[in-house]
Number of protein chains: 2
Amino acid sequence: MDKGSDTCQTLCVHTEVVERVSARMEPEAMLFELADFFKALGDATRVRILHALSFSELCVCDLARLLNMSSSAVSHQLRVLRGQKIVKYRKEGKNAIYSLDDYHVATLLKMGLEHIAE
Amino acid sequence: MDKGSDTCQTLCVHTEVVERVSARMEPEAMLFELADFFKALGDATRVRILHALSFSELCVCDLARLLNMSSSAVSHQLRVLRGQKIVKYRKEGKNAIYSLDDYHVATLLKMGLEHIAE
DNA sequence: CCCTCATATGAATATGTGCTCATATATGCG
DNA sequence: CGCATATATGAGCACATATTCATATGAGGG
């Protein structure tokens, strides 16, 4: 009934291993950030945006056309990606031209596709 | 399906670029799978599980203790990870011993952490 | 056999999230 | 300036999802 009761309360745990792993774990805060980063990659619209940007920089309008979505929806998702520093942009006249911010991202996408392809 | 009204309807789009990118895009279905894969990585509990498993195989009970969570919650998340072939397990007596399924995963976690650390 | 423990899973619930719609900002043009 | 276009953003809604709770399955030990 208390929280512990649903957790393994006996010595079933491999205590030494758990402690050894526990000591090597990154700080919680970093793992939360990591989760937020992957969460930003974990959406079909955003994956399609990033995949497109891995070929060429594009403005919001281009992306909307390419994905057959409203530019509002695209802009909302770009905001999420900007928040995680996954894309960057520059203004060029009326347009905002987006590109991948970080060389890691294209690599992550490629590795993800490799994993899928198994 | 007429998103045209909110999309850029003039020639603001860089037509040639859009077409060139469009031709190189992976099939939709694959990008959806990719999104589902990253979605499975995009949760703090699951990231912590995977990070722990990158050091050692562990049973559900170990993970629950390590993360200070109910084994039920852990088991639910392991189910998600199994569904994406991110972890595998073997039965050993009463225990289910989990480990990372794929060498890609540890690498992806490491690359993610590098991205964060900028 | 019972009984216990480790794990799995369905239902319910609370929280999160992606899209649409309306609106705001900003740039360029006549 | 006044107007159209490109982008950004807040609110609201519909849907997804992570945890808890209750229960089921299955392995070992008395």
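Since we're looking at a predicted model, the values are computed, not measured. Note on naming: letters A, B, ... go to the chains in the order of the sequence lines (proteins, then strands), and numbering restarts at 1 for each one.
In this structure, OH of A:Tyr98 is placed 15 Å from P of D:dA6, rounded to the nearest angstrom. Taking atom NZ of residue A:Lys39 and atom C1' of nucleotide C:dT17, one finds them 10 Å apart after rounding to whole Å. Atom NZ in B:Lys91 sits roughly 13 Å away from atom P in C:dA6 (whole-Å rounding). As rounded to whole Å, 18 Å separates atom P of C:dT15 from atom CG of A:Asp36. If you measure from atom CZ of B:Arg90 to atom C1' of D:dA27, you get 16 Å, rounded to the nearest angstrom. Distance A:Ile97 CD1 to C:dT27 C1': 14 Å, rounded to the nearest Å. Rounded to an integer number of Å, the gap from B:Lys94 NZ to D:dG29 P is 8 Å. For A:Arg65 and D:dA6, the CZ to P distance is 10 Å, given to the nearest whole Å.
Under a cutoff of 6.0 Å and an axis angle of 45°, A:Arg20 and B:Phe55 do not form a cation-pi pair.
Heavy-atom distances under 4.0 Å link DNA chain C to B:His76, B:Arg79, B:Arg82 of residues 76-86 of chain B, given in residue order. A heavy atom closer than 4.0 Å to some atom of DNA chain D occurs in B:Asp43, B:Thr45, B:Arg46, these being the qualifying members of residues 40-52 of chain B.
Under the side-chain contact (heavy atoms from CB on, under 4.5 Å) criterion, B:Ser54 pairs with B:His51, B:Leu100, not counting sequence neighbours. With sequence neighbours left out, B:Ser99 forms a side-chain contact (heavy atoms from CB on, under 4.5 Å) with B:Glu57, B:Lys88. When the ring pair (Phe, Tyr, Trp, His ring centres under 6.0 Å) test is applied to B:Phe32, no partner is found at least two apart in sequence or on another chain.
Residues A:Arg90 and A:Tyr98 bring no donor and acceptor atom of their side chains to less than 3.5 Å of each other.
Salt-bridge formation is detected for the pair A:Asp36/A:Lys39: a Lys NZ or Arg NE/NH1/NH2 atom is positioned less than 4.0 Å from an Asp or Glu carboxylate oxygen.
No donor-acceptor pair under 3.5 Å is formed between the side chain of B:Ser56 and the backbone N or O of B:Ala52.
Neither OP1 nor OP2 of D:dA6 sits under 4.0 Å from any side-chain N or O of A:Tyr89. Put simply, B:Asn95 has a side-chain N or O that comes within less than 4.0 Å of OP1 or OP2 on C:dT7. The side chain of B:Ser71 contributes no N or O atom lying less than 4.0 Å from OP1 or OP2 of C:dA6.
Contacts classified as ring-ring contact (aromatic ring centres under 6.0 Å, His included) and involving residues 59-81 of chain A (residues at least two apart or in different chains) are not found.
Side-chain atoms of A:Cys61 lie closest to D:dT7 of the nucleotides C:dA22, D:dT7, C:dT7.
Classification of the B:His115-A:Phe37 ring pair by plane angle, with boundaries at 30° and 60°, yields parallel.
The base of C:dC21 lies close enough to the side chain of A:Ser72 for a donor and an acceptor atom to sit less than 3.5 Å apart.
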